[in-house]
Structure formats: structure tokens, C-alpha cells
Amino acid sequence: MTSLRTRARLIEALRAQGIRSDLVLEIMKELPRHRFVDEALASRAYENTSLPIGFSQTISSPYMVARMTETLLQGRQSLGRVLEIGTGSGYQTAILARLADAVYTIERIDALLTRARWRFHRLRLLNITTRHGDGANGWPEQAPFDGIIAAAAPAEIPVSFLHQLALGGRLVMPRGTATQTLLAITRTPEGYVQEELEPVTFVPMLSGDR
Ligand code: SAH
């Protein structure tokens, strides 16, 4: 069931888990998550869990998407230029597209990116630029970014991400291997300020052939 009631229940669950941004919750209420998973899984799209999207990858849980988006916003109502590493299903990308002037997203698995592009087209999301390839070095040609978000965990934060952050911008991503932590790093005039948010479980950020 993809009824409005099912979606409303998910929004209430996110609120109960501590998501405070009405803006993020409103966008998630409207955006059809069932369009970002296989038809066979569509009936589970409004459960608060990650789901398989093929190629050993997953669409992140609604809670994690909400938490990361809210953190990226830093209480603002909109974002300028945003970089995303790991397009996956494109669900997080679509949410960012509603908040940002422009979203740049990189995915290393071509078949996933092809599907995601089709979804952006169907939903008339015109401010998304996609790239197939390794995003572990960011997207220097399009930098600086007001926000950078990654849905795959490297062992260490790539310095290129820090360099590509605009002043006042924020990077939100998991770091770690066996145990991972969600980090928020803000670039201030005094330097980079890092906060550790919570323990998380993401797929590894792969580079090159790995
Ligand atoms: N936000 C996405 C998450 C997908 S899972 C969603 O909710 O659907 C993370 C994605 O990161 C996977 O699709 C994986 O292929 C991709 N990924 C992992 N390492 C990467 C890298 N170095 N460059 C680009 N994409 C990468």
C-alpha cells in the first residue's frame, strides 16, 4: 500500500525518532519513495528501513535520509550547490533537488545511475547533474559546494571533500570500516569543525576496482 495514510505514519515515526525539520518531513511526505525501489518491494517503501536496490547496494532508511538532510541544512530553508557521492536509487538526490539550487551526484555503478536518471526525468527534477564514476575525490570542476553528502563510508574522510567545501558549507557522511560514525564537518573562517553524530551502518565507499 502506498496510501497517504501509510506515508503519514512514516512521517510520525520519523518525528518520534527525533527528526525536527518540518521542511524535510514535508518533502518526504510528498516524494514517492515507492518509485525509487523495484516494483516487488514497492509495498514496503514506507517502512522505516533500508531496502535492497541490486548490486549489493541499498536505498538508505528514511530515518537516515531525514537525519542527514536535516544536518546538511543547518537550520536553513534551502541549499545552494550540493554534491552527493553514491546516487544509488536517487531517493536522497531527489530530496536534495527540492532543497538545493543545483545537485551534483556521482555513482560508480552505471546500471543504478541509469535507473536513477530515469526517475529524475519522470519526476521532472531538472536541477540534478549526474556523473558515472568514482566519487572518492569529489567533483573538483564543480566545486565549491555548500553541502556535501555521502551514502558510502570510507575508512578516512577524503581531503578532497574538505577542499571542495565552501566557507560555511557542511559535509555529512559516515566514516569507518567495522564500526562507522556519522560525521558533520563544517567549514568556518577558523577552520573545520567536526561533530560525531551517531553510530551508523553504510556500504563501504569503494575506489577504483574495489
Ligand atoms: N542514497 C542512496 C544510497 C545508495 S547506497 C540511496 O538511498 O539509494 C550507496 C551507493 O554509493 C551505492 O550505490 C554505491 O554504488 C555507491 N558508491 C560506493 N562507493 C562509491 C564511490 N567511490 N563513488 C561513487 N559511488 C559510490
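Order of listing sets the numbers, starting from 1, for every ligand and every atom in it. Position 1 is the first residue of the sequence; numbering continues from there. When reading the values below, keep in mind they use all heavy atoms of this one structure, side chains included, and skip hydrogens, waters and symmetry mates.
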N/O donor-acceptor pairs under 3.5 Å from side chains in residues 148-169, not counting sequence neighbours:
{"residue": "Q164", "atom": "OE1", "partner": "W139", "partner atom": "N", "Å": "2.8"}
{"residue": "Q164", "atom": "NE2", "partner": "N137", "partner atom": "O", "Å": "3.0"}

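- Within the cation-pi definition used here (under 6.0 Å to the ring centroid, within 45° of the axis), R131 does not qualify as a partner of Y104.
- Between N48 and S61, the side chains place no donor N or O within less than 3.5 Å of an acceptor N or O (distance only, hydrogens not considered).
- Salt-bridge check for E195 with R170: passed, with a basic side-chain N closer than 4.0 Å to an acidic carboxylate O.
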Begin with the C-alpha distance, continue with both residues' side-chain angles, and end with the deciding distance and a verdict on side chain to side chain donor-acceptor pair (under 3.5 Å) for T181 and E196.
CA-CA 7 Å; T181 309; E196 299 197 357; 4.7 Å; no

Check ligand 1 against the protein and report each N/O to N/O distance under 3.5 Å, formatted as atom name, atom name, distance.
{"residue": "ligand 1", "atom": "7 (O)", "partner": "S60", "partner atom": "N", "Å": "2.9"}
{"residue": "ligand 1", "atom": "8 (O)", "partner": "S89", "partner atom": "N", "Å": "2.9"}
{"residue": "ligand 1", "atom": "8 (O)", "partner": "S89", "partner atom": "OG", "Å": "2.6"}
{"residue": "ligand 1", "atom": "13 (O)", "partner": "E107", "partner atom": "OE1", "Å": "2.7"}
{"residue": "ligand 1", "atom": "13 (O)", "partner": "E107", "partner atom": "OE2", "Å": "3.3"}
{"residue": "ligand 1", "atom": "15 (O)", "partner": "E107", "partner atom": "OE2", "Å": "2.6"}
{"residue": "ligand 1", "atom": "19 (N)", "partner": "L206", "partner atom": "N", "Å": "3.1"}
{"residue": "ligand 1", "atom": "22 (N)", "partner": "D134", "partner atom": "OD1", "Å": "2.9"}
{"residue": "ligand 1", "atom": "22 (N)", "partner": "L206", "partner atom": "O", "Å": "2.4"}
{"residue": "ligand 1", "atom": "23 (N)", "partner": "G135", "partner atom": "N", "Å": "2.8"}
{"residue": "ligand 1", "atom": "25 (N)", "partner": "R108", "partner atom": "N", "Å": "3.4"}

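- Side-chain contact annotation: T87 with E107, donor-acceptor N/O pair under 3.5 Å absent.
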